[in-house]
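Taking it in order: structure first as structure tokens, then the write-up.
Order of the sequence lines sets the chain letters (A, B, ...), proteins ahead of strands, with each chain counted from 1. The analysis underlying the following values was restricted to heavy atoms, covering all of them including side chains, and did not include hydrogens, waters or symmetry mates.
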Number of protein chains: 2
Amino acid sequence: MQLRRLERQPQAFGNAGSITPSEIHTIEGIGYEGAILMNELATRLGVTKGAVSQLIVRLESKHLVTRSSYPHDSRATLISLTEKGKEAYQAHEEMHIQFYDQLRSQLSEQEIEIFEKCIGKLNDFLQK
Amino acid sequence: MQLRRLERQPQAFGNAGSITPSEIHTIEGIGYEGAILMNELATRLGVTKGAVSQLIVRLESKHLVTRSSYPHDSRATLISLTEKGKEAYQAHEEMHIQFYDQLRSQLSEQEIEIFEKCIGKLNDFLQK
DNA sequence: TTAATAAGTTTAGATACTAAACTATAGCTA
DNA sequence: TAGCTATAGTTTAGTATCTAAACTTATTAA
């Protein structure tokens, strides 16, 4: 329920203005350095290529990502982060790290280890 | 990500036909026995009263809940589950129990205990 | 008896998807 | 090499889930 709630609120990441949860997930999926094909990105995010296409249009209009052509196949499109996109990426990463640090300050090494194992099991179930 | 995906797919619960995630959450929020005011339900689900109002319209049209008047205040409406709604509730509970059993079969008592503690901490953070 | 408040409903708009039709390129095959 | 099929990505129409704000009706308090 808490996650559900969290996953709805737009947030500001860095200088990039208000970014929706799906937008930041997409930025996270593209990755800091690399360029990625639409297709791969869709697979990585677990959504259809149509969904990704729409997101990219929006992120492009916000100047967070750019498209470039893929040398070996002129049908394909490579997506990569702009400087502004990278800022958002890093601000988001920073948030993750802080979050993790906070959690770690309240739990022992061993507890974290078990927690991660349990999350892994949970994930296996959810995949089915 | 897995939760995100799971939280989108409609499912069948009992004889109640296809029920969306939000619908089953609402049913869960109403509770098996009691009757609840719109307002309380909205608070319990962590959404606006407008959202609940819309959900209740849909659930009523599917014959899963009924409205009745609140004796002490004629502005207020009590919501409760119909027989069909209760079936869906129980089928969903059953699913939770099975899920929990499966998880328990793969983890020790102690691991579960720590896991629950960590989830609690996580929840505290998310609330902020 | 107004005036302000509270319970629900309605409406318009945003977000986040999917499925399916579509465009354009690639690559095989006869 | 002409033609068929497969693939990459885009577009469109539709659905689900929500919010904010305007609204209706009933309550309460001055």
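Contacts of Ser22(B) with the nucleic acid, taken as non-hydrogen atoms under 4.0 Å apart, involve only primed sugar atoms and P, OP1 or OP2. Contact annotation for Thr48(B): base contact, defined as any heavy-atom pair under 4.0 Å involving a base atom. Residue Arg5(B) is classed as having no contact, given no heavy-atom separation below 4.0 Å to the nucleic acid. As judged by a 4.0 angstrom heavy-atom cut-off over every strand, Pro10(A) is placed among residues making no nucleic acid contact.
Taking 4.0 angstrom as the limit, Thr20(B) places none of its side-chain polar atoms (N or O) nearer than this to OP1 or OP2 of dT15(D). Here Ser74(B) does not reach the OP1 or OP2 of dT25(D): none of its side-chain N or O atoms lies under 4.0 Å away.
Taking the six-membered ring for Trp and thresholds of 30 and 60 degrees, Phe115(B) and Phe115(A) have ring planes inclined between 30 and 60 degrees apart.
The nearest heavy atom of DNA chain D to Arg8(A) and to Arg75(A) marks one nucleotide each, and the one closer to the 5' end goes with Arg75(A).
With rounding to the nearest 0.5 Å, the separation of CD1 in Ile27(A) from CG in Leu55(A) is 9.5 Å. Between Thr43(B) atom OG1 and Asn39(B) atom CG the span is 5.5 Å, to the nearest 0.5 Å. The CD1 atom of Ile36(B) sits 5.0 Å away from the CG atom of Leu41(B) when rounded to the nearest 0.5 Å.
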Checklist entry - Passes side chain to side chain contact (heavy atoms under 4.5 Å, CB included), Ile24(A) versus Gln11(A)? Steps please. => result CA-CA 9 Å; Ile24(A) 198 66; Gln11(A) 269 187 63; over 6 Å; no
Checklist entry - side chain to side chain contact (heavy atoms under 4.5 Å, CB included) between Lys117(A) and Leu107(B): does it pass, once the steps are laid out? => result CA-CA 9 Å; Lys117(A) 179 184 165 191; Leu107(B) 299 168; 4.2 Å; yes
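Atom-to-atom, OH of Tyr70(A) to C1' of dA26(C) comes out at 13 Å; the value is rounded to the nearest Å. Distance, His25(A) NE2 to dA16(C) P: 10 Å, rounded to whole Å. Atom CG of Leu37(A) is separated from atom P of dG9(D) by 5 Å (rounded to the nearest Å). Protein atom CG of Leu78(B) is 12 Å distant from nucleotide atom C1' of dA7(C), rounded to whole Å. At whole-Å resolution of the value, NE2 in His72(B) and C1' in dA6(C) are 17 Å apart. Ile36(A) has its CD1 atom 10 Å from the P atom of dG9(D), to the nearest Å. Rounded to whole angstrom, the span from the CD atom of Glu7(A) across to the P atom of dA16(C) amounts to 10 Å. When rounded to the nearest whole Å, the span between CD1 of Ile19(B) and P of dT15(D) equals 19 Å.
Within residues 49-68 of chain A, the residues having any heavy atom closer than 4.0 Å to DNA chain D are, in order of number, Lys49(A), Gly50(A), Ser53(A), Gln54(A), Arg67(A). Sorted by residue number, the members of residues 38-47 of chain B with any non-hydrogen atom under 4.0 Å from DNA chain D read Val47(B).
The minimum heavy-atom distance between Ser22(A) and Arg4(B), with the atom names listed, is OG-NH2, 2.7 Å. Residues Ser18(B) and Lys62(B) approach most closely at O-NZ, 3.1 Å, considering heavy atoms. Minimum interatomic distance between Cys118(B) and Glu111(A) (heavy atoms only, all atoms of both residues): SG-O, 4.1 Å. Residues Ala76(B) and Leu37(B) come closest through the heavy atom pair CB-CD2, 3.8 Å.
Salt bridge annotation for Lys121(A)-Asp124(A): absent, with no cationic side-chain nitrogen under 4.0 angstrom from a carboxylate oxygen.
Helix-axis bend for the helix from dT1(C)-dA30(D) to dA30(C)-dT1(D): the local axis fitted to the five terminal pairs at one end deviates from that at the other end by 0°, rounded to 10°.
Atom CD of Glu7(A) is surrounded by more than 12 heavy atoms from other residues, nucleotides or ligands within 6.0 Å.
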